[in-house]
K.L.:
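Have a look at this one.
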Amino acid sequence: MASDGPRYNFTDAEPRWQQAWAARGCFRVEDVPADGKPKYYVLEMFPYPSGKIHMGHVRNYTLGDVVARYKRARGFSVLHPMGWDAFGLPAENAARERGVHPAKWTFENIANMRTELQRMGLSIDWAREFATCEPRYYGHQQKLFLDFLRAGLVERKESWVNWDPVDGTVLANEQVIDGRGWRSGAPVEKKRLSQWFFSITKYAPDLLAALDGMDRWPERVRTMQKNWIGHSTGAEVRFSLTAPEAGPEADIDRVEVYTTRPDTLFGMSFLALAPEHPLAAAVAARDAGAAAFVAECRSMGTSEAVIETAEKKGHDTGLRVAHPFLPGVSFPVWIANFVLMEYGTGAIFGCPAHDQRDLEFARKYGLNVTPVVLPPDADPASFTLGNDAYVGPGTIFNSGFLDGLGVDDAKRTVIAELERLGIGTGVTNWRLRDWGVSRQRYWGCPIPVIHCDACGVVPVPDAQLPVVLPEDVTFDKPGNPLDHHPTWKHVPCPKCGAAARRETDTFDTFVDSSWYFARFCSPLSAQPLDRAAVDHWMPVDQYIGGIEHAILHLLYSRFFTRAMKATGHVSEEEPFAGLFTQGMVTHASFKGADGRWLYPDEVTIGADGAAVCTATGEPVTVGRVEAMSKSKRNTVDPGAIIVRYGADTARWFILSDNPPDRDIEWTESGVAGAYRFTQRAYRLAEAVAALPAGGGAVPENFCAPALALRRATHRAIASVSEALEGFAFNVAVARMYEFANAIGESDRAADGEGLGWARREALAMFARLLSPMMPHLAEEVQALLVPGSELVAELPWPDADPALVAAESVTIAVQVMGKLRATIAVAPDAAAQAVIDAAEAEPNVARLLEGKRVVKRIHVPGRIVNFVVAG
RNA sequence: GCCCGCCUGGCGGAAUGGUAGACGCACCGGACUUAAAAUCCGGAGUCCUGUAGGGCGUGGGGGUUCAAGUCCCCCGGCGGGCACCA
């Protein structure tokens with residue numbers, strides 16, 4: 001770093017301004033404000049307290065802070081809170097691996113991360129902070145659950161989980177690696193457990209329909225949610241077994257199948273059951289081969305990605321089903337690993353010609369492939385299928401009474417026939433499943449119910465809430481510590497008083513994050529939500545977070561808000577009016593000579609571009625640029641960056657480098673460039689502050705450089721405002737660079753009438769425009785210009801003077817046949833004919849038009865003239 | 001496997017269907033300096049060996065249009081999600 005010249009000292013300035021904001025309470029708001037200002041609720045997805053903030057947090061919270069500060073300057077009363085998504089598996093892992101209690105680990109992490117976030121200079125109302133692992137939060141969550149239960153929005157049913165038979169533990173999908181438990185290495189089994197479910201499927205039609213009106217959500221997120229909810233129409237068809245199978249309770253003589261393609265029923269070649277289907281279980285009870293196959297499928301885990309990418313396998317049960325329309329024709333019944341029990345009826349009919357998965361299965365097991373949909377222009381006599389099923393439109397053939405119909409007509413016709421025969425019905429189906437919320441873990445919100453042998457499941461009475469987690473637990477045994485606790489689960493039944501047991505399952509942590517945004521409105525309320533406060537602040541006007549939450553978290557929150565409305569806690573049903581999804585922070589990865597990954601700060605890039613290990617001098621392989629992760633060690637610690645360059649520099653770089661919805665690559669050179677700009681901005685301010693004190697009155701006249709600067713100033717106000725409104729923060733930064741360049745030019749101009757005034761105006765506006773992005777430097781610049789000034793954080797956003805924004809002349813592109821051949825400068829309001837004449841007179845244009853017949857002259861005012869010539 | 005995105009100079013990117021490459025980074029040249037750093041000024045998509053003029057150019061291929069980075073179709077590469085990670 002250079003030694004000459006006065007420099008902006010961020011180490012001194014940043015904490016000083018953070019204290020000034022806190023002392024003034026700039027970012028505090030009331031639960032129900034009486035200031036009459038319009039409200040604006042900005043929220044970033046709250047962090048999991050892993051211990052340290054990472055660059056993804058820096059990006060997320062910088063984006064939110066720019067919006068919060070901008071809206072505040074625009075006159076809104078802004079709610080901008082912060083809290084902690086504090087329950088979850090990592091705390092239990094830490095407990096098992098290092099013997100530290102999850103609560104201690106979590107609260108220490110929170111303390112550290114709070115300090116780090118506060119160093120970023122975020123305009124947050126810290127008085128609203130809470131952690132979801134505090135009883136003062138999760139106790140209210142238990143109340144909401146009980147209200148949902150009373151409202152019929154909760155039910156208990158069975159579902160399949162990943163079970164580690166060695167550890168005796170339920171495994172998360174991420175804990176299943178290649179079909180084995182991550183700790184024990186034992187093959188994972190599917191196990192059936194009785195669990196609590198939120199009835200999200202009751203809201204499926206509404207959750208789907210409301211997406212259409214959510215115009216401040218990214219289109220792709222809405223599309224992903226639509227696909228996830230998965231509305232489909234089709235038919236349920238009952239197939240009769242040619243011989244009944246003895247089931248555990250009664251004989252099974254038929255199988256229900258759901259299909260979206262009833263029009264292809266005549267192309268059927270088999271029927272396939274999910275391995276968990278009751279009929280499959282019945283067959284397995286007497287057939288060792290089937291039992292072995294079902295057991296094999298059970299070892300596949302519950303993840304849809306795993307199931308659908310696995311090799312398609314099946315087992316022929318030997319059973320046959322009759323075709324619904326073809327007397328005497330029957331098809332084999334298989335058990336297949338790609339049929340999902342959770343979707344439809346857990347059984348399908350296979351039509352290999354028109355479904356890719358069925359085709360692969362049929363080819364593998366030598367089953368018939370009968371095409372029944374003829375593509376347009378195909379010849380029915382010769383049409384055959386290769387390796388691709390035909391799923392497009394066409395005409396039905398080989399299909400009895402459906403022959404000659406189009407696909408959609410055939411669907412209607414076949415459903416009518418199925419209904420007439422009483423063997424099927426047209427149905428609407430949803431891919432969305434109910435939300436299973438039971439987790440067999442300690443570090444989560446206890447589910448407030450009690451199991452009584454006499455009374456069954458009994459809700460904990462509201463007066464006994466919260467059900468608090470016991471602190472004295474041990475993690476030396478596998479399984480859920482709540483199960484092993486000597487006393488906690490033993491309670492009297494609230495109904496009959498007999499000895500009973502607490503539910504030891506805790507909630508999925510997605511429950512915690514499904515209503516925290518509403519709790520922030522009244523974080524100290526004795527009720528889950530204070531109606532006046534949530535009615536004032538909700539919905540969140542701008543929600544900001546990672547695209548990885550596009551489906552689950554956002555959909556669950558949308559459901560939860562509806563459920564809270566149904567139980568009288570809120571008035572709105574959509575929690576997030578505006579959504580912005582940010583990209584990830586990436587960095588190059590480095591691998592040392594010994595094959596170990598190296599952190600970026602262990603690596604030096606030489607002048608020749610070659611990377612070496614700083615400590616050993618050994619060569620380093622530069623790997624791909626990818627999402628920062630601990631395993632690849634391609635992380636950069638925001639704390640270290642803030643110490644070295646300051647929070648404003650970190651904020652500026654992360655805003656400047658690219659559009660916020662794309663992945664950003666963190667680079668040292670980019671940060672250094674951002675740092676240089678902070679110093680340059682400060683120098684520009686110093687130069688202006690050194691000018692003789694200016695009077696308040698606007699000068700009568702401005703010399704040319706002064707006028708040019710004023711135009712630049714007001715163009716900057718207009719363009720930075722527009723960029724901020726549109727989340728184009730990288731463009732806002734570019735406009736600020738242009739503005740700084742213009743100020744720099746005025747610095748070098750010969751002094752003339754009004755120049756000093758224009759420069760003061762420029763710097764004053766510069767500070768205001770800078771403040772959402774680099775709030776500390778903005779305050780410093782303002783203090784330099786106007787010692788003892790108000791805080792920029794409390795100043796209103798400036799308005800541009802339209803007369804100064806308007807261009808004096810515009811450059812028009814002149815094209816001949818769509819190719820640029822000249823440009824001309826014209827007045828913004830020049831008449832069309834005058835512009836066309838001027839364009840035609842351009843030598844290069846005239847040359848190209850000579851001897852040609854101009855058939856069309858296109859003039860887009862302020863933009864372009866295009867001559868279309870014949871021949 | 002299924003669903004959803006993204007792809008523009010050496011790099012990040014800008015661009016209501018209307019001058020492709022604003023702005024920044026890196027680079028090169030100049031000024032300042034004993035020198036370096038810092039700072040300031042200037043240059044630059046690429047090719048036709050020139051500051052005129054022109055060709056080519058927004059992952060590849062086709063299409064719509066007076067005009068396509070932008071709209072449509074196909075293909076490729078990269079990434080996100082897939083229900084117990086958060």
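Naming convention: chains lettered A, B, ... in sequence-line order (proteins, then strands); numbering from 1 in each chain.
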K.L.:
Got a minute to check which stems RNA chain B is part of, using Watson-Crick or G-U wobble pairs under 3.5 Å, three or more consecutive?
P.N.:
B:1-7 with B:76-82, B:10-12 with B:23-25, B:27-31 with B:39-43, B:45-48 with B:53-56, B:59-63 with B:71-75
K.L.:
Answer yes if the side chains of A/D85 and A/T509 hold a donor-acceptor pair under 3.5 Å, and no otherwise.
P.N.:
no
K.L.:
Closest to the A/E738 side chain: B/A20, B/G1, B/C23?
P.N.:
B/C23
K.L.:
When the nearest nucleotide of RNA chain B is assigned to A/N227 and to A/T667 on a heavy-atom basis, which residue is associated with the more 5' position?
P.N.:
A/N227
K.L.:
Output one line per pair: protein atom, nucleotide atom from nucleotides 44-46 of chain B, and distance, for all N/O pairs under 3.5 Å.
P.N.:
none

K.L.:
Tell me, please, which residues at least two apart from A/V176 pass side-chain contact (heavy atoms from CB on, under 4.5 Å).
P.N.:
A/N162, A/L171, A/V188
K.L.:
If a protein heavy atom is under 4.0 Å from the base, mark B; if only from the sugar-phosphate, S; if neither, -; do that for nucleotides 10-16 of chain B going 5' to 3'.
P.N.:
--SSS-B
K.L.:
With heavy atoms under 4.0 Å as the rule, sort A/T811 into base, sugar-phosphate or nothing.
P.N.:
base
K.L.:
Taking only residues two or more places apart in sequence or in another chain, which ones pass side-chain contact (heavy atoms from CB on, under 4.5 Å) with A/E219?
P.N.:
A/R222, A/T223
K.L.:
Among B/C23, B/U19, B/A26, which is the nearest nucleotide to the side chain of A/A813?
P.N.:
B/U19
K.L.:
Name every donor-acceptor pair, under 3.5 Å, that has one atom in a side chain of residues 721-732 of chain A and the other anywhere in the protein, sequence neighbours excluded.
P.N.:
from   : atom 1 : to     : atom 2 : distance (Å)
A/S721 : OG     : A/I717 : O      : 2.5
A/S721 : OG     : A/W797 : NE1    : 2.8
A/E725 : OE2    : A/Y70  : OH     : 2.7

K.L.:
Using distance only, find each side-chain donor-acceptor pair of residues 87-95 of chain A under 3.5 Å and give its atom names and separation, not counting sequence neighbours.
P.N.:
from  : atom 1 : to     : atom 2 : distance (Å)
A/E92 : OE2    : A/Y442 : N      : 2.8
A/E92 : OE2    : A/W443 : N      : 2.8
A/N93 : OD1    : A/R183 : NH2    : 2.9

K.L.:
A/Y543 vs A/H553 aromatic rings, parallel, tilted or perpendicular, using cut-offs 30° and 60°?
P.N.:
tilted
K.L.:
Looking for any heavy atom pair under 4.0 Å, which part of the strands does A/K312 touch: base, sugar-phosphate only, or nothing?
P.N.:
nothing
K.L.:
Can A/Q582 and A/E44 be counted as having a side-chain donor-acceptor contact under 3.5 angstrom?
P.N.:
no
K.L.:
Just to verify, what does A/Q815 make a side-chain contact (heavy atoms from CB on, under 4.5 Å) with, not counting sequence neighbours?
P.N.:
A/I864, A/N866
K.L.:
Please list all pairs passing the salt bridge (Lys or Arg N to Asp or Glu O under 4.0 Å) test where one or both residues lie in residues 544-557 of chain A, with sequence neighbours left out.
P.N.:
none
K.L.:
In the 5'-to-3' direction, what one-character label does each nucleotide of nucleotides 80-86 of chain B receive under the scheme B = base within less than 4.0 Å of a protein heavy atom, S = sugar-phosphate only, - = no such atom?
P.N.:
BSBBBBB
K.L.:
Just the table, please: protein N/O against nucleotides 64-66 of chain B N/O, every pair under 3.5 Å.
P.N.:
from  : atom 1 : to     : atom 2 : distance (Å)
B/C66 : O2'    : A/N866 : ND2    : 3.3
B/C66 : O2     : A/N866 : ND2    : 2.7

K.L.:
Could you label the plane-to-plane angle of the A/F510 and A/Y556 rings as parallel, tilted or perpendicular, counting under 30° as parallel and over 60° as perpendicular?
P.N.:
perpendicular
K.L.:
Say you draw a straight line from CZ of A/F677 to OG1 of A/T649; how long is it, rounded to the nearest 0.5 Å?
P.N.:
10.5 Å
K.L.:
Excluding sequence neighbours, so at least two apart, what forms salt bridge (charged side-chain N to carboxylate O under 4.0 Å, His left out) with A/K191?
P.N.:
none
K.L.:
If you look at every strand shown and take non-hydrogen atoms under 4.0 Å, does A/R857 touch a base, only sugar-phosphate, or nothing?
P.N.:
nothing
